Amino acid sequence: MVVDPPTGALFPCSIAPWLSVRNSARAVDFYKSAFGANEVFRLESPDGDVVARLSVDGAEFWVSGESPEHGNFSPESLGGGSVRMILTVPDPDAVVAQALAAGATEIFPVGEEHGWRLGRVVDPYGHHWEIGRPLVAW
């Protein structure tokens with residue numbers, strides 16, 4: 001827990017990825033369709049770009065347009081990304097199928113390996129998602 005100095009309130013420490021994409025408004029719609037994400041926060045700019053905080057059953061991540069002047073590049077600009085998201089869900093087969101129907105591309109199909117039921121997709125914006133669940137207690 002982290003203490004907010006002005007109020008003394010406690011809040012949990014967390015890490016949330018922030019995905020830089022081209023056409024962030026369309027990307028937010030993709031994540032809603034592909035993963036059932038809900039918008040927690042949305043800020044729109046006059047040019048149609050958005051900054052959004054999304055939640056998939058409490059697992060949060062951020063999405064915004066790339067901003068090369070601030071060092072924020074999309075995988076499309078870089079020719080690939082350096083981070084994979086791991087989305088842990090009860091039914092990876094269903095979520096991978098939903099992501100594919102929404103426009104993701106399969107990297108490898110859902111299968112069982114290393115104690116996980118796991119598949120991998122790349123979204124239309126170049127971010128890789130491993131979608132699975134552990135098969136054994138950790």
Side-chain angles (χ1 to χ4, degrees):
M1 299 296 272
V2 177
V3 176
D4 178 29
T7 66
L10 294 175
F11 58 93
C13 184
S14 67
I15 295 175
W18 192 311
L19 308 180
S20 294
V21 297
R22 292 183 185 167
N23 197 337
S24 57
R26 193 168 57 209
V28 167
D29 290 340
F30 168 80
Y31 296 125
K32 288 172 157 182
S33 177
F35 304 135
N38 294 307
E39 282 186 35
V40 176
F41 171 84
R42 183 181 181 115
L43 178 65
E44 295 189 36
S45 67
D47 66 2
D49 212 7
V50 301
V51 173
R53 182 171 145 200
L54 303 175
S55 175
V56 178
D57 290 331
E60 293 187 351
F61 64 103
W62 291 77
V63 177
S64 69
E66 68 180 344
S67 177
E69 64 274 18
H70 298 106
N72 302 322
F73 299 94
S74 74
E76 292 172 292
S77 293
L78 297 175
S82 63
V83 175
R84 292 189 312 260
M85 296 330 117
I86 298 176
L87 179 58
T88 305
V89 297
D91 187 352
D93 296 86
V95 175
V96 166
Q98 184 175 326
L100 295 174
T105 301
E106 186 176 74
I107 301 299
F108 62 80
V110 177
E112 294 183 8
E113 188 173 351
H114 305 294
W116 280 75
R117 179 138 187 90
L118 185 76
R120 184 169 171 184
V121 301
V122 60
D123 68 36
Y125 309 94
H127 293 285
H128 285 244
W129 296 81
E130 293 196 8
I131 302 168
R133 67 176 171 83
L135 296 172
V136 295
W138 293 91

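All of these numbers come straight from a predicted model, not from anything done at the bench.
The two atoms that bring Ile107 and Val121 nearest to each other are CG1-C, 4.0 Å, heavy atoms only. Residue Phe108 comes nearest to Leu118 through the heavy atom pair CE1-O, 3.8 Å, listed as atom of the first residue, atom of the second, then distance. Leu135 and Arg117 get closest at one heavy-atom pair: CG-N, 3.7 Å. The two residues Gly132 and Pro92 come nearest to each other via the heavy atoms CA-CB, 3.6 Å. Residues Trp116 and Pro134 come closest through the heavy atom pair CE3-N, 3.5 Å. When every heavy atom of Pro75 is checked against every heavy atom of Gly126, the shortest pair comes out as CB-O, 3.5 Å.
Considering only residues two or more places apart in sequence or on other chains, Phe61 meets the ring pair (Phe, Tyr, Trp, His ring centres under 6.0 Å) condition with Tyr31, Trp129. For Glu106, the salt bridge (Lys or Arg N to Asp or Glu O under 4.0 Å) test picks out no residue, with sequence neighbours left out. Checked against ring pair (Phe, Tyr, Trp, His ring centres under 6.0 Å), Phe73 has no partners two or more places apart in sequence or in another chain. In this view, Asn23 and Ala25, Arg26 satisfy the side-chain contact (heavy atoms from CB on, under 4.5 Å) rule, not counting sequence neighbours.
Grouping the Ile, Leu, Val, Met, Phe, Trp and Tyr side chains by contacts below 4.5 angstrom, directly or via other members, places Val122 apart from Met85. Linking Ile, Leu, Val, Met, Phe, Trp and Tyr whenever their side-chain heavy atoms come within less than 4.5 Å puts Val89 and Val110 in one cluster. Linking Ile, Leu, Val, Met, Phe, Trp and Tyr residues whenever their side-chain heavy atoms come within less than 4.5 Å leaves Val136 and Ile131 in two separate clusters. With hydrophobic clusters built from ILVMFWY side chains whose heavy atoms lie under 4.5 angstrom apart, Leu87 does not share a cluster with Trp62.
Atom CG of Asp91 has more than 12 heavy atoms from other residues, nucleotides or ligands within 6.0 Å.
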Counting only pairs under 3.5 Å, give me each side-chain donor-acceptor contact of residues 6-22, with atom names and distances, residues two or more places apart or in other chains.
unit_1 : atom_1 : unit_2 : atom_2 : d
Thr7   : OG1    : Asp4   : OD2    : 2.8
Thr7   : OG1    : Ala9   : N      : 3.1
Trp18  : NE1    : Ser64  : OG     : 2.7
Arg22  : NE     : Glu66  : OE2    : 3.2
Arg22  : NH2    : Ser77  : OG     : 3.0

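The OG1 atom of Thr88 sits 11.5 Å away from atom CG of Asp57, with the distance rounded to the nearest 0.5 Å. Going from atom CD1 of Ile86 over to atom CZ of Arg133 covers 15.5 Å, rounded to the nearest 0.5 Å.
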Go through Arg53 and Glu60 one step at a time and tell me if the salt bridge (Lys or Arg N to Asp or Glu O under 4.0 Å) criterion holds.
CA-CA 7 Å; Arg53 182 171 145 200; Glu60 293 187 351; 2.8 Å; yes

Starting from the C-alpha separation in whole Å, work towards a yes-or-no answer on side-chain contact (heavy atoms from CB on, under 4.5 Å) for Val63 and Val50.
CA-CA 8 Å; Val63 177; Val50 301; 5.8 Å; no

Apply the test side-chain contact (heavy atoms from CB on, under 4.5 Å) to residues Phe41 and Leu54: give CA-CA distance (whole Å), side-chain angles for both, the deciding distance (0.1 Å), then the verdict.
CA-CA 7 Å; Phe41 171 84; Leu54 303 175; over 6 Å; no

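Counted by atom type alone, Asn38 and Ser55 present zero donor-acceptor pairs between their side chains at under 3.5 Å.
With contacts defined as side-chain heavy-atom distances shorter than 4.5 Å, the pair Arg120/Arg84 qualifies.
When hydrophobic side chains of Ile, Leu, Val, Met, Phe, Trp and Tyr are connected at separations under 4.5 Å, Val40 ends up as a singleton with no cluster partners.
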